[in-house]
Amino acid sequence: MSDSDDLFIREDPIFVNKELLEISHLPDEDRIVGRDEEISQLANAVNPAIFGQSPSNVLIYGKTGTGKSLCAKYVSSQLVSTAEDEGIDAIFAYVDCAQDTTETQAVQTIADNVNTPESDIYIPDKGISTATYYKRLWRILDAHHDVALIILDEIDKLEDDSILMQLSRAGEAGKIEDCKIGVTGISNKIKYKDRMDERVKSSLCEREFVFPPYDATQLNEIMEARSDAFRDGVLEDGVIPRAAALAAREHGDARKAIDILRYAGEIAQSTNADTVPEDFVVQARERAETDRFSELISGSTPHSRYVLQALTVLSLNDEDATGYRTTRIYDVYEDICRQEGADALSLRRVRDLLKEHAFLDVIEQSRHSGGSAEGSYTEHELLEDPEVVKEVLEETIE
């Protein structure tokens, strides 16, 4: 090709500020829709921090995409700013516990987040003990901050409660003297608290909030608030209402709704369309679901995928069933292994793989009692659309 300029688009005909449609983007207050009450409640819980006093520890529940992380980050950032006006040095640290699942990883992230350029304390990525990370964290907090808000997102992904115990009882245990800590835990699992250590539960769960799914009107407002990600006149009138209606009917998940809007724009880009018509919304929904699930199982082992394929086969062949026993899944899994020329793993190992899929919220597990004759057993149900799972697995299983 003689002219390399033909490879690139100098001016995007569809998007003007695509960042507004990224999940990681923290919007301004006027773009946070349908969560005024929740924001007010969170602000009330941590309000003492602006005077250098201890903020309440908070536990937030709600399904994915209901604004939990967004509101927690927004309230924390506003508190830091307001506290500064009052002469209080406040700071907040955000930990994605799906990424930092161990106590050591989580405390390293917190220490790194709250460290300052003025500090002479070094926080390496690795190479020191968990206890040393804690010691350096306490020194940083006492030396440089009056208040620290710690957000632990997807708290249910932590391996154990150890860091919750340390953070929630740091002052009481004399680990810190001059800094107050407030912990905000966020979970998609409403029953997460039931598995907490009783000592952690008593200190961490001072305030609890449940974020409900968004309805169609709220989803419509959320997407309208971000519609200036597109160039003027690009979005046709029915696009946002259609995307909002689809998302509200299926899950009430704002993340997925925004994903659909972004994907619709990308489809317009790839097809050289001048506008984003309503027809692109359905295509975008299918692409968003497929891409999200592909990312979820990327890096999984072949046998992990074979187990999931077995459950998918059962789900497609018997759509009326609400779940399938481990032994029934194992029978289909063995058939798939024979077809793939692979040696089947033990039933016990397949149980472990099913637990891993449940941990990732790909499937849901439920315990049942078969009476005195059968005893208790576990049933497994796909949380994803079986057709989407089938499509992704066909691409990944050779």
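This is a predicted model, so every value here is computed, not measured.
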**OP:** Dump the intermediate steps for salt bridge (Lys or Arg N to Asp or Glu O under 4.0 Å) on Asp331 and Arg328, then the final yes or no.
**Re:** CA-CA 5 Å; Asp331 289 340; Arg328 191 173 175 194; over 6 Å; no
Original post:
Residues in side-chain hydrogen bond (donor to acceptor under 3.5 Å, both in side chains) with Thr217, at least two apart?
Top reply: none
Original post:
Would the number of heavy atoms belonging to other residues, nucleotides or ligands and lying under 6.0 Å from NZ of Lys157 be above 12?
Top reply: yes
Original post:
Under 3.5 Å, is there a donor-acceptor pair between the side chain of Ser227 and the main chain of Glu224?
Top reply: yes
**OP:** Would you kindly confirm whether Val210 and Leu152 end up in one hydrophobic cluster when ILVMFWY residues are joined by side chain heavy atoms under 4.5 Å apart?
**Re:** yes
Subject >> Side-chain donor or acceptor of Lys180 paired with backbone N/O of Pro48 under 3.5 Å >> reply: no
Original post:
If you measure from the Lys or Arg side-chain nitrogens to the Asp or Glu carboxylate oxygens, is any gap between Arg139 and Glu177 under 4.0 Å?
Top reply: no
Original post:
So with a 6.0 Å cut-off around NZ of Lys18, is the heavy-atom count from everything else above 12?
Top reply: yes
Original post:
For Gln365, which residues count as a side-chain hydrogen bond (donor to acceptor under 3.5 Å, both in side chains) partner, sequence neighbours excluded?
Top reply: His380
Subject >> Ionic contact status for Arg287 with Glu266, cut-off 4.0 Å >> reply: yes
Original post:
More than 12 foreign heavy atoms under 6.0 Å from CD of Gln99: is that the case here?
Top reply: no
Original post:
Are Leu314 and Leu347 joined in one hydrophobic group, where the rule is that I, L, V, M, F, W and Y side chains link up if heavy atoms are under 4.5 Å apart?
Top reply: yes
Original post:
Under a single-linkage definition using a 4.5 Å side-chain heavy-atom cutoff for Ile, Leu, Val, Met, Phe, Trp and Tyr, are Ile50 and Val46 assigned to the same hydrophobic cluster?
Top reply: yes
**OP:** Any chance you could lay out the side-chain hydrogen bond (donor to acceptor under 3.5 Å, both in side chains) test for Thr64 and Asp253, step after step, and finish with the verdict?
**Re:** CA-CA 6 Å; Thr64 302; Asp253 186 329; 5.1 Å; no
**OP:** Could you pull out all residues at least two apart from Tyr133 that satisfy ring pair (Phe, Tyr, Trp, His ring centres under 6.0 Å)?
**Re:** none
**OP:** Carefully, step by step, assess Tyr61 and Phe211 under the rule ring pair (Phe, Tyr, Trp, His ring centres under 6.0 Å).
**Re:** CA-CA 6 Å; Tyr61 304 101; Phe211 280 44; over 10 Å; no
Original post:
Does the side chain of Glu387 come within less than 4.5 Å of Leu316's, by heavy atoms?
Top reply: yes
Subject >> Among Gln309, Glu384, Arg305, side chain to side chain contact (heavy atoms under 4.5 Å, CB included) partner for Val389 >> reply: Glu384
Subject >> Between Thr275 and Glu236: side-chain donor-acceptor atoms closer than 3.5 Å >> reply: yes
Subject >> Asp215 atom CG, neighbour heavy-atom count above 12 within 6.0 Å >> reply: yes
**OP:** Would you check if Ile181 and Trp138 make a side-chain contact, meaning some heavy-atom pair closer than 4.5 Å?
**Re:** yes
**OP:** Using a cut-off of 6.0 Å, state whether more than 12 heavy atoms not belonging to Asp237 lie near its atom CG.
**Re:** no
**OP:** Applying side-chain hydrogen bond (donor to acceptor under 3.5 Å, both in side chains), name anything that partners Ser168, two or more places apart in sequence or on another chain.
**Re:** Ser203
Could you give the side-chain donor-acceptor pairs of residues 108-115 under 3.5 Å, partners two or more places apart or in another chain?
residue : atom : partner : partner atom : Å
Gln108  : NE2  : Pro124  : O            : 3.2
Thr109  : OG1  : Asp100  : OD2          : 2.7
Thr109  : OG1  : Gln105  : O            : 3.1
Asn113  : OD1  : Tyr94   : N            : 3.4
Asn113  : ND2  : Thr109  : O            : 3.3
Asn115  : OD1  : Ser119  : OG           : 3.0
Asn115  : ND2  : Ile121  : O            : 2.8

**OP:** Please test Arg262 against Asp259 for salt bridge (Lys or Arg N to Asp or Glu O under 4.0 Å), starting from the C-alpha separation and ending with a verdict.
**Re:** CA-CA 5 Å; Arg262 188 181 74 254; Asp259 272 347; 2.8 Å; yes
Subject >> Criterion side-chain hydrogen bond (donor to acceptor under 3.5 Å, both in side chains) on Tyr263 and Asp291, from CA distance to verdict >> reply: CA-CA 10 Å; Tyr263 277 122; Asp291 284 3; 3.0 Å; yes
Original post:
So with a 6.0 Å cut-off around CD of Glu84, is the heavy-atom count from everything else above 12?
Top reply: no
Original post:
Do the side chains of Val281 and Tyr214 join up, straight or via other hydrophobic residues, at under 4.5 Å, putting them in one cluster?
Top reply: yes
Subject >> With Leu308, the side chain to side chain contact (heavy atoms under 4.5 Å, CB included) member among Val313, Leu382, Val392 >> reply: Leu382
**OP:** For Ser315, enumerate each residue passing the side-chain hydrogen bond (donor to acceptor under 3.5 Å, both in side chains) test, keeping only those at least two apart in sequence or located in another chain.
**Re:** none
